[in-house]
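The figures that follow rest on heavy atoms only: side chains count, while hydrogens, waters and symmetry mates do not. Each ligand, and each atom within it, is numbered from 1 in the order the structure gives.
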Amino acid sequence: MPSYKLTYFNTSGRGDPIRILFSLADVPFEDVRVGLQEWPALKAKTPLGTLPVLSVDGVEFGQTQAILRYLAKEFGFAGPDNLTSAIADSLADQMADFMTAIFPWHGVNVGFAPGDKAALYQSVFIPARDKHFPFFEKTLSNTSTGWLTSTPSLTHADIFVGCVIEMLLRLVPEKEKLLADFPLLAAHQTKFLGIPQVANHIANRPKDLWF
Ligand SMILES: N[C@@H](CCC(=O)N[C@@H](CS)C(=O)NCC(=O)O)C(=O)O
(Lines give C-alpha, C1' and ligand atoms only; values in the text may rest on other atoms or scores of the structure.)
Protein backbone atom coordinates (compact mmCIF):
# COMPACT_ATOMS: atom_id res chain seq x y z
CA MET A 1 0.00 0.00 0.00
CA PRO A 2 1.47 3.42 -0.92
CA SER A 3 1.91 6.12 1.66
CA TYR A 4 -0.85 8.72 1.24
CA LYS A 5 -0.82 12.32 2.49
CA LEU A 6 -3.74 14.69 1.94
CA THR A 7 -3.06 18.41 2.41
CA TYR A 8 -6.06 20.70 2.80
CA PHE A 9 -7.29 23.49 5.04
CA ASN A 10 -8.67 22.71 8.48
CA THR A 11 -12.20 22.58 7.14
CA SER A 12 -14.59 20.19 5.40
CA GLY A 13 -14.98 21.83 1.94
CA ARG A 14 -13.13 20.00 -0.82
CA GLY A 15 -11.20 17.91 1.71
CA ASP A 16 -13.98 15.88 3.30
CA PRO A 17 -14.99 13.93 0.16
CA ILE A 18 -11.41 12.67 -0.03
CA ARG A 19 -11.13 12.00 3.72
CA ILE A 20 -14.43 10.10 3.63
CA LEU A 21 -13.28 8.04 0.65
CA PHE A 22 -10.19 6.98 2.63
CA SER A 23 -12.43 6.12 5.56
CA LEU A 24 -14.86 4.07 3.42
CA ALA A 25 -11.91 2.19 1.93
CA ASP A 26 -10.39 1.74 5.40
CA VAL A 27 -7.05 3.02 4.12
CA PRO A 28 -4.82 5.07 6.44
CA PHE A 29 -3.57 8.48 5.30
CA GLU A 30 -1.85 11.50 6.76
CA ASP A 31 -4.46 14.24 7.17
CA VAL A 32 -2.45 17.47 7.00
CA ARG A 33 -4.61 20.48 7.88
CA VAL A 34 -3.04 23.79 6.89
CA GLY A 35 -3.76 26.95 8.88
CA LEU A 36 -4.58 30.15 7.02
CA GLN A 37 -1.36 31.75 8.32
CA GLU A 38 0.75 28.95 6.83
CA TRP A 39 -0.97 29.06 3.44
CA PRO A 40 0.82 31.98 1.68
CA ALA A 41 4.22 30.31 2.16
CA LEU A 42 2.91 26.88 1.14
CA LYS A 43 0.91 28.04 -1.89
CA ALA A 44 3.94 28.56 -4.13
CA LYS A 45 5.18 25.06 -3.31
CA THR A 46 1.95 23.29 -4.33
CA PRO A 47 1.63 21.87 -7.87
CA LEU A 48 -1.32 24.09 -8.88
CA GLY A 49 -1.39 26.83 -6.24
CA THR A 50 -4.50 25.41 -4.58
CA LEU A 51 -5.57 22.76 -2.07
CA PRO A 52 -6.36 19.89 -1.84
CA VAL A 53 -3.10 18.19 -2.79
CA LEU A 54 -2.62 14.44 -2.60
CA SER A 55 0.83 12.93 -2.16
CA VAL A 56 1.26 9.27 -3.17
CA ASP A 57 4.65 7.99 -2.03
CA GLY A 58 5.89 11.58 -2.31
CA VAL A 59 4.40 12.29 -5.76
CA GLU A 60 2.00 15.24 -5.47
CA PHE A 61 -0.96 16.35 -7.55
CA GLY A 62 -3.91 18.70 -7.12
CA GLN A 63 -7.54 19.11 -8.25
CA THR A 64 -10.25 17.54 -6.12
CA GLN A 65 -11.90 15.60 -8.93
CA ALA A 66 -8.62 14.11 -10.16
CA ILE A 67 -7.78 13.03 -6.61
CA LEU A 68 -11.22 11.52 -6.04
CA ARG A 69 -11.15 9.65 -9.37
CA TYR A 70 -7.69 8.29 -8.75
CA LEU A 71 -8.51 7.05 -5.25
CA ALA A 72 -11.92 5.72 -6.33
CA LYS A 73 -10.21 3.61 -9.00
CA GLU A 74 -7.56 2.44 -6.57
CA PHE A 75 -10.06 1.50 -3.85
CA GLY A 76 -12.97 0.16 -5.94
CA PHE A 77 -15.37 3.12 -5.69
CA ALA A 78 -15.42 4.08 -9.39
CA GLY A 79 -18.17 1.74 -10.55
CA PRO A 80 -17.88 -1.68 -12.18
CA ASP A 81 -16.88 -0.52 -15.69
CA ASN A 82 -15.45 2.46 -17.60
CA LEU A 83 -18.81 3.75 -18.73
CA THR A 84 -20.28 3.82 -15.22
CA SER A 85 -17.08 5.46 -14.07
CA ALA A 86 -17.39 8.17 -16.76
CA ILE A 87 -21.01 8.84 -15.80
CA ALA A 88 -19.96 9.15 -12.16
CA ASP A 89 -17.19 11.55 -13.25
CA SER A 90 -19.71 13.64 -15.19
CA LEU A 91 -22.00 13.96 -12.17
CA ALA A 92 -19.13 14.89 -9.85
CA ASP A 93 -17.95 17.45 -12.43
CA GLN A 94 -21.46 18.89 -12.61
CA MET A 95 -21.48 19.38 -8.84
CA ALA A 96 -18.02 20.95 -9.08
CA ASP A 97 -19.43 23.39 -11.69
CA PHE A 98 -22.19 24.23 -9.21
CA MET A 99 -19.60 24.94 -6.51
CA THR A 100 -17.76 27.29 -8.86
CA ALA A 101 -21.03 29.02 -9.71
CA ILE A 102 -21.93 29.70 -6.06
CA PHE A 103 -18.49 30.97 -5.04
CA PRO A 104 -19.42 34.70 -5.27
CA TRP A 105 -22.06 33.99 -2.60
CA HIS A 106 -19.96 31.48 -0.62
CA GLY A 107 -16.94 33.77 -0.21
CA VAL A 108 -19.11 36.55 1.17
CA ASN A 109 -21.26 34.17 3.21
CA VAL A 110 -18.27 32.81 5.14
CA GLY A 111 -16.73 36.26 5.59
CA PHE A 112 -13.82 36.00 3.12
CA ALA A 113 -15.00 38.87 0.96
CA PRO A 114 -17.11 41.97 1.58
CA GLY A 115 -20.62 42.08 0.15
CA ASP A 116 -24.30 41.62 0.79
CA LYS A 117 -24.69 37.91 1.48
CA ALA A 118 -28.49 38.01 1.58
CA ALA A 119 -28.62 39.67 -1.87
CA LEU A 120 -26.03 37.25 -3.27
CA TYR A 121 -27.98 34.30 -1.86
CA GLN A 122 -30.94 35.41 -3.98
CA SER A 123 -29.01 36.51 -7.09
CA VAL A 124 -26.26 33.84 -7.18
CA PHE A 125 -27.04 30.86 -4.97
CA ILE A 126 -30.72 30.26 -5.73
CA PRO A 127 -30.37 30.47 -9.54
CA ALA A 128 -27.32 28.16 -9.46
CA ARG A 129 -29.16 25.65 -7.28
CA ASP A 130 -32.21 25.74 -9.51
CA LYS A 131 -30.05 25.27 -12.60
CA HIS A 132 -27.95 22.35 -11.29
CA PHE A 133 -30.02 20.38 -8.74
CA PRO A 134 -32.72 19.29 -11.25
CA PHE A 135 -30.04 17.29 -13.11
CA PHE A 136 -29.38 15.27 -9.96
CA GLU A 137 -33.08 14.90 -9.23
CA LYS A 138 -33.63 13.56 -12.74
CA THR A 139 -30.66 11.20 -12.44
CA LEU A 140 -31.96 9.88 -9.12
CA SER A 141 -35.43 9.32 -10.59
CA ASN A 142 -33.83 6.57 -12.71
CA THR A 143 -31.73 4.88 -10.05
CA SER A 144 -32.45 1.31 -9.06
CA THR A 145 -30.32 1.43 -5.90
CA GLY A 146 -30.62 5.00 -4.58
CA TRP A 147 -27.03 5.76 -5.68
CA LEU A 148 -26.48 8.09 -8.61
CA THR A 149 -25.22 5.49 -11.09
CA SER A 150 -27.39 2.59 -9.86
CA THR A 151 -24.37 0.84 -8.40
CA PRO A 152 -24.98 -1.51 -5.44
CA SER A 153 -22.75 0.69 -3.27
CA LEU A 154 -21.77 4.32 -3.61
CA THR A 155 -19.22 5.80 -6.04
CA HIS A 156 -17.01 8.89 -5.82
CA ALA A 157 -19.91 10.86 -7.38
CA ASP A 158 -22.20 9.93 -4.48
CA ILE A 159 -19.47 10.89 -2.03
CA PHE A 160 -18.86 14.28 -3.65
CA VAL A 161 -22.54 15.12 -4.09
CA GLY A 162 -23.30 13.88 -0.55
CA CYS A 163 -20.53 16.02 0.95
CA VAL A 164 -21.51 19.18 -0.95
CA ILE A 165 -25.13 18.88 0.18
CA GLU A 166 -24.06 18.11 3.76
CA MET A 167 -21.92 21.27 3.78
CA LEU A 168 -24.66 23.43 2.24
CA LEU A 169 -27.12 22.25 4.88
CA ARG A 170 -24.79 23.91 7.42
CA LEU A 171 -24.20 27.05 5.35
CA VAL A 172 -27.42 28.22 3.76
CA PRO A 173 -29.74 30.62 5.60
CA GLU A 174 -32.91 28.63 4.87
CA LYS A 175 -31.78 25.05 5.55
CA GLU A 176 -35.26 23.54 5.41
CA LYS A 177 -35.83 25.06 1.97
CA LEU A 178 -32.58 23.84 0.37
CA LEU A 179 -33.97 20.48 -0.78
CA ALA A 180 -37.69 21.21 -0.49
CA ASP A 181 -38.14 20.86 -4.27
CA PHE A 182 -35.61 18.03 -4.56
CA PRO A 183 -36.95 15.08 -2.54
CA LEU A 184 -34.77 12.48 -4.26
CA LEU A 185 -31.64 14.47 -3.50
CA ALA A 186 -32.88 14.70 0.10
CA ALA A 187 -33.32 10.91 0.19
CA HIS A 188 -29.83 10.51 -1.28
CA GLN A 189 -28.45 12.71 1.49
CA THR A 190 -30.21 10.63 4.16
CA LYS A 191 -28.82 7.43 2.61
CA PHE A 192 -25.31 8.96 2.47
CA LEU A 193 -25.42 10.15 6.10
CA GLY A 194 -26.64 6.68 7.14
CA ILE A 195 -23.33 5.06 6.16
CA PRO A 196 -21.52 4.40 9.46
CA GLN A 197 -18.11 5.66 8.25
CA VAL A 198 -19.71 8.88 6.95
CA ALA A 199 -21.63 9.45 10.19
CA ASN A 200 -18.51 8.68 12.21
CA HIS A 201 -16.36 11.08 10.18
CA ILE A 202 -18.90 13.90 10.59
CA ALA A 203 -19.34 13.26 14.31
CA ASN A 204 -15.61 13.30 15.01
CA ARG A 205 -14.13 15.87 12.59
CA PRO A 206 -12.62 19.10 13.95
CA LYS A 207 -14.81 22.17 13.99
CA ASP A 208 -14.83 23.90 10.63
CA LEU A 209 -12.49 26.85 10.26
CA TRP A 210 -15.09 29.37 9.17
CA PHE A 211 -18.56 28.02 9.95
N1 LIG B 1 -10.77 23.23 -8.97
C2 LIG B 1 -9.92 23.14 -7.81
C3 LIG B 1 -10.20 24.35 -6.94
C4 LIG B 1 -9.27 24.34 -5.73
C5 LIG B 1 -9.48 25.55 -4.85
O6 LIG B 1 -9.90 26.64 -5.29
N7 LIG B 1 -9.13 25.36 -3.58
C8 LIG B 1 -9.26 26.41 -2.62
C9 LIG B 1 -9.71 25.83 -1.29
S10 LIG B 1 -11.29 25.06 -1.39
C11 LIG B 1 -7.89 27.06 -2.43
O12 LIG B 1 -6.86 26.42 -2.51
N13 LIG B 1 -7.90 28.37 -2.11
C14 LIG B 1 -6.72 29.09 -1.78
C15 LIG B 1 -6.12 29.83 -2.93
O16 LIG B 1 -6.62 29.75 -4.07
O17 LIG B 1 -5.11 30.52 -2.68
C18 LIG B 1 -10.18 21.83 -7.06
O19 LIG B 1 -11.30 21.33 -7.12
O20 LIG B 1 -9.25 21.32 -6.40
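The cationic atom of Lys191 (NZ for Lys, CZ for Arg) lies less than 6.0 Å from the six-membered ring centre of Trp147 and within 45° of the ring axis.
In terms of protein heavy atoms, atom 14 (C) of ligand 1 is closest to Trp39 NE1, 3.4 Å. From the protein, the heavy atom lying nearest to atom 1 (N) of ligand 1 is Gln63 OE1, 2.8 Å. The shortest contact between atom 19 (O) of ligand 1 and any protein heavy atom is with Thr64 OG1, 2.7 Å. Shortest contact from atom 6 (O) of ligand 1 to any protein heavy atom: Arg14 NH1, 3.7 Å. Atom 15 (C) of ligand 1 has its closest protein heavy atom at Lys43 NZ, 3.4 Å. Ranking the protein heavy atoms by distance from atom 13 (N) of ligand 1 puts Phe9 CE1, 4.1 Å first.
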Pairs of donor and acceptor atoms involving the side chains of residues 192-201, under 3.5 Å and at least two apart or interchain, shall be tabulated with distances.
| from | atom 1 | to | atom 2 | distance (Å) |
| --- | --- | --- | --- | --- |
| Asn200 | OD1 | Asn204 | ND2 | 2.8 |
| His201 | NE2 | Asp16 | OD1 | 2.9 |
| His201 | NE2 | Asp16 | OD2 | 3.2 |

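Using a 4.0 Å cutoff on heavy atoms, Pro52 counts as a contact of ligand 1.
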- Message: The test is side-chain hydrogen bond (donor to acceptor under 3.5 Å, both in side chains); show your working for Arg170 and Ser12 and say whether it passes.
- Response: CA-CA 11 Å; Arg170 289 178 285 136; Ser12 51; 3.0 Å; yes
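Residue nearest to atom 9 (C) of ligand 1, selected from Leu51, Thr46, Val34: Leu51 (by heavy-atom distance).
Between the side chain of Ser150 and the backbone N or O of Ser144 there is at least one donor-acceptor pair closer than 3.5 Å. Although no hydrogens or angles enter the test, the distance criterion places a donor-acceptor pair under 3.5 Å between the side chain of Glu38 and the main chain of Gly35.
Atom CZ of Arg19 is separated from atom SG of Cys163 by 10.0 Å, given to the nearest 0.5 angstrom.
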